[in-house]
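Below, chains carry the letters A, B, ... as their sequence lines are ordered, and counting in each starts from 1.
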Number of protein chains: 2
Amino acid sequence: MTQSKTDPRVLRTRKLIMDSFIELSGKKEFKDITVKDITTEAKINRATFYYHFEDIYDLLDKVLSEVLLINLNAIDFEKSELNEASIIDIFVAITDFQKALSNRCHRGYDETIARIIREQLEIIFYGMLRKQQTEENESLKVTAVILSWGIYGASVEWRRNRNESSPEAFIKSAIPFLMSGIEHV
Amino acid sequence: MTQSKTDPRVLRTRKLIMDSFIELSGKKEFKDITVKDITTEAKINRATFYYHFEDIYDLLDKVLSEVLLINLNAIDFEKSELNEASIIDIFVAITDFQKALSNRCHRGYDETIARIIREQLEIIFYGMLRKQQTEENESLKVTAVILSWGIYGASVEWRRNRNESSPEAFIKSAIPFLMSGIEHV
DNA sequence: GTCCATTTGTCGTTTATGCAACACATTGAT
DNA sequence: ATCAATGTGTTGCATAAACGACAAATGGAC
């Protein structure tokens, strides 16, 4: 990703901050967590926090992205193609991620979370599409955008009818549409 | 102890180094552990190691002192007096410490370990004696020295006849001598 | 509303750590 | 014995992090 993170001091400090934030998230709601709380927990100076993050929302962004990435990295994208199985895996990972979040009291930040999920999905879909299509044209990007919004939207709808069906069954019903579309990019 | 350790960076780095050293001690013998190993494990720069420690022997010193101190701190010296019970506690802590060390393959450093134990004992005994005697004279220091050597020597002898008796029983037989001496300082 | 305490972002300075390079010692293989 | 490889301890410089201070913003209590 970024190449400037090679300084071990930076890696250590960021991990301290992020871990402390995750720790505190288990104890109170996001709105009650202050920058001071985090830096006290992490035993770092408050000024150092602002050296790495714009503010606490920037931190939330990056922590969520990282957690989601870890969820998604359980799926080995390097080997898997964009097919029925991988789409189902991704969908399940997203619904799991949202379930974990709602348990951790991150209410009121649905918009932020939605954006993060879509951004990550777009990156992943674009990468997978590019592996299957040798030529790199604009339609790959647009397809990735549409897929990211579509899959995210499906996860929202699935949560709305919770307990009606498993996430696997839910997304499977859209596979014919998705796959034929992907094959004709 | 030292007042300069307040900088959180110093505390973090020293902990990283010491923890890495303890971790490595579980895998190989002391003679096979290099400074490079430690700094690689701790993910700190090698030059930083020398900022905190003279060399690897200095590190060994400080790690052992700290581990022993933690063992001894289980006994609450602030409240306890220098009596039969506390002497037995201290003796047991020392024999436990030595047992733990021999399991961790620190062979060949008996002299170093002996010195560390005696130094710590001397500090502790002097502190306890000073609490009981209001006047602070030279004989307190000498008494602390003799006690530290004596108790350490007793632990050596106990280990030599291992399985003969419990450490508690072993040191108990010296209590009459020790206590009457302490009372007449 | 006002007051008071706490938090937020920012800044300048000091200090600890990272990094690359160095000469030298130690080790191990041939 | 020689040579290469690795470890040691040290140095000068670059940079991240600590610290204290500050004005401004926020949030309760009254």
Identify which nucleotide among C:dT17, D:dG9, D:dA16 has an atom closest to any side-chain atom of A:V10, counting heavy atoms from C-beta outward.
D:dA16
Does the base of D:dA17 carry an N or O that pairs as donor and acceptor with the side chain of A:R9 under 3.5 Å?
no
Look at the rings of B:F170 and B:F91 and say which category their plane angle falls in: under 30° parallel, 30 to 60° tilted, over 60° perpendicular.
parallel
Rounded distance in Å - CZ (A:F49) to P (D:dC19)
18 Å
Below 4.0 Å: OP1/OP2 of D:dT10 and any side-chain N or O of B:Y50
no
Taking the nucleotide of DNA chain C with the nearest heavy atom to each, does A:T34 or B:H52 sit closer to the 5' end?
A:T34
Look at the side-chain N and O atoms of B:Y51 and state whether any lies under 4.0 Å from the OP1 or OP2 oxygen of C:dT17.
no
On the side chain of A:R46, is there an atom forming a donor-acceptor pair with the base of C:dT7 - under 3.5 Å, no angle test?
no
Return the 5'-most residue of the pair B:A47, B:V35 with respect to DNA chain D, ranking by each residue's nearest nucleotide.
B:V35
Can you measure A:D7 atom CG to C:dA16 atom C1' for me and round it to whole angstrom units?
12 Å
A:N83 vs A:S86, test: side-chain hydrogen bond (donor to acceptor under 3.5 Å, both in side chains). Steps then yes/no.
CA-CA 6 Å; A:N83 53 24; A:S86 60; 3.2 Å; yes
If you count every heavy atom of other residues, nucleotides or ligands that lies below 6.0 Å from A:K62 atom NZ, does the total exceed 12?
yes
In sequence, state the C-alpha distance, the side-chain angles, and the governing distance for B:F21 and B:F53, and then conclude on ring pair (Phe, Tyr, Trp, His ring centres under 6.0 Å).
CA-CA 13 Å; B:F21 176 64; B:F53 304 96; 9.2 Å; no
